[in-house]
Structure formats: C-alpha cells, structure tokens
Amino acid sequence: GTATREDILAGFANSDEFFSLCERYDVVSGTYLVGVSYDSQSKINAFVTRLYKVCLNSLPDQAGQAGWVSKLINGEITETDCVFGFVFSPEFVGKDSSNTEYVEYMYEAFFGREADEEGFNYWVGQLDNGTASREDIFNGFAGSVEFDNFCSSVGTNV
C-alpha cells in the first residue's frame, strides 16, 4: 500500500529486464523518474541518447543513460555540462576529427540537425584560421539562442 502506480511503472521501466528487452530490438529504453513530467523526461532522454550516438557512435548503456538523465532532471548539471562531458570525453577527442567534422558534430550534438551553410562556413573558418579553438566553438554553440530555446523547452537551465 505504499507504492503508487507511478512508482510501479518506474520500477518496470527502469529494470534490467526491460532494458535488455529494448536492447534486443535496438530500442533505447531511456529512464523514468517519478514526479517529473513525461514531456520533459522524453526530451531529456532523447537529448542524452543523441549525445551518445553523435559523440560516441553508440547507443547508451542503461547506467550511463540513467545517470545523465537523473543529473539533468535533478539540476546537478546543465545541458551544457552534459554536452561538455561527451564532447571532451577521451572517446570523442580520440576520434581526432577534422575541423569540418568537429563543426558537423557540434550541430548534431547541440541542435540535432545538420549545419546551415552560412553558420557551418563561419565556424569552420574560425577553426581553420586559428582565430578560435574547439572550446571557443563549443562555447559559441552552448551560448546560442537555439540551444537556449531547447533548454527552456525541457524546463532545465543552461
């Protein structure tokens, strides 16, 4: 009599068995937290999954997905912190991507879309000319209106 229906749902949705079932069909299970709107959770789960795919070229593992999502929802980290963790991870840095590839990754990681030609040429030019570092480019994307709008849509802070 102490568990709510939502508690029970979370128990099933976050179980190893459900994760394994989803993994078998190449479906990302995400993570479910009690008391948080489904809309926010689904956007944050999709955001974290996108970072795994773009930056690490893999689907998330259960513990990793749950950890990032929980930290974002609980306000322990911001979306910018989360992207930073992926972009400056040893796995991503180890890709040794070209400036062109790096900018393409930033558009996908931050915005979930391909680059527009003007913006793409600007950022690649900054890197190629040596007027900006990769961290400068990262900060440009993190400080953009488009990323701020995304963060506002999930109800968290940048």
Side-chain angles (χ1 to χ4, degrees), residues 13-14 16 18-33 36 39-158:
N14 297 327
D16 292 338
F18 184 68
F19 180 80
S20 295
L21 179 64
C22 290
E23 194 174 45
R24 186 173 351 150
Y25 294 100
D26 289 327
V27 173
V28 177
S29 67
T31 192
Y32 183 83
L33 298 174
V36 179
D39 186 49
S40 287
Q41 287 193 61
S42 64
K43 288 178 183 177
I44 291 171
N45 271 297
F47 173 65
V48 171
T49 299
R50 180 173 77 219
L51 293 175
Y52 270 95
K53 288 179 179 178
V54 170
C55 299
L56 306 182
N57 198 31
S58 71
L59 292 175
D61 61 284
Q62 184 178 15
Q65 178 83 6
W68 287 109
V69 170
S70 296
K71 287 179 181 180
L72 283 163
I73 288 174
N74 293 328
E76 296 172 43
I77 62 170
T78 65
E79 284 86 350
T80 301
D81 297 330
C82 187
V83 179
F84 189 93
F86 281 87
V87 169
F88 294 103
S89 69
E91 298 92 342
F92 184 78
V93 172
K95 286 182 174 185
D96 198 30
S97 56
S98 68
N99 289 342
T100 299
E101 292 168 329
Y102 181 79
V103 172
E104 289 171 346
Y105 286 134
M106 292 304 94
Y107 273 94
E108 285 293 331
F110 278 95
F111 307 145
R113 66 173 176 85
E114 291 183 10
D116 57 279
E117 187 176 352
E118 182 180 345
F120 177 79
N121 290 334
Y122 171 78
W123 292 116
V124 171
Q126 293 287 304
L127 288 169
D128 286 347
N129 294 332
T131 54
S133 68
R134 289 188 174 199
E135 193 161 346
D136 293 331
I137 302 303
F138 173 90
N139 289 330
F141 278 84
S144 70
V145 171
E146 186 173 352
F147 190 59
D148 186 48
N149 287 340
F150 164 76
C151 296
S152 295
S153 78
V154 297
T156 58
N157 302 316
V158 290

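Hydrogens, waters and symmetry mates play no part in the numbers below; they use all other heavy atoms, side chains included.
Considering only heavy atoms from C-beta on, Tyr52 comes within 4.5 Å of Gln65 through its side chain. Residues Ile73 and Val69 form a side-chain contact, since some pair of their non-hydrogen atoms from C-beta on lies under 4.5 Å apart. Under the 4.5 Å side-chain criterion, counting only non-hydrogen atoms from C-beta, Phe138 is not in contact with Ser133. Side-chain contact between Asn57 and Glu91 is absent, with no heavy-atom pair separated by less than 4.5 Å. Residues Arg113 and Glu146 form a side-chain contact, since some pair of their non-hydrogen atoms from C-beta on lies under 4.5 Å apart.
Looking at residues two or more places apart in sequence or on another chain, you find no side chain to side chain donor-acceptor pair (under 3.5 Å) involving Thr100.
Between Phe47 and Phe147, the ring planes lie tilted relative to each other; the angle falls in the 30° to 60° range. Between Phe88 and Phe84, the ring planes are tilted. Angles from 30° to 60° get that label. Using bins of under 30°, 30° to 60° and over 60° for the plane-to-plane angle, the ring pair Tyr105/Phe92 lands in the perpendicular bin.
Across all their heavy atoms, Thr80 and Ala142 have their closest contact at CG2-CB, 3.8 Å. The minimum heavy-atom distance between Asn99 and Val124, with the atom names listed, is O-CG2, 4.2 Å. Across Ala132 and Leu127, no two heavy atoms sit closer than the pair O-CD2, 3.5 Å.
Between Gln126 and Asp136, the side chains place no donor N or O within less than 3.5 Å of an acceptor N or O (distance only, hydrogens not considered). A side-chain N or O of Asp81 and one of Thr78 form a donor-acceptor pair less than 3.5 Å apart.
Atom CD of Glu118 sits in a sparse spot, with 12 or fewer heavy atoms from other residues, nucleotides or ligands closer than 6.0 Å.
For the atom pair Glu104 CD and Ser97 OG, the distance stands at 9.5 Å (nearest 0.5 Å). Put simply, CD on Glu76 and OG on Ser70 are 8.0 Å apart, with the number rounded to the nearest 0.5 Å. Rounded to the nearest 0.5 Å, atoms CG (Leu72) and CD1 (Ile77) are 4.0 Å apart.
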side-chain contact (heavy atoms from CB on, under 4.5 Å) evaluation trace for Trp68 with Leu51: CA-CA 10 Å; Trp68 287 109; Leu51 293 175; over 6 Å; no
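Distance alone, capped at 3.5 Å, places no donor-acceptor pair between the Lys53 side chain and the Ala109 backbone. Using modelled atom types, one side-chain atom of Arg50 and one backbone atom of Phe110 make a donor-acceptor pair closer than 3.5 Å. Remark: the backbone N or O of Glu135 is paired with a side-chain donor or acceptor of Asn139 at under 3.5 angstrom.
Ring centroids of Trp123 and Tyr102 are separated by 6.0 Å or more, keeping the two rings apart.
Tested against Tyr107, the residues Phe141, Tyr122, Phe120 include a single ring-ring contact (aromatic ring centres under 6.0 Å, His included) partner, Phe141.
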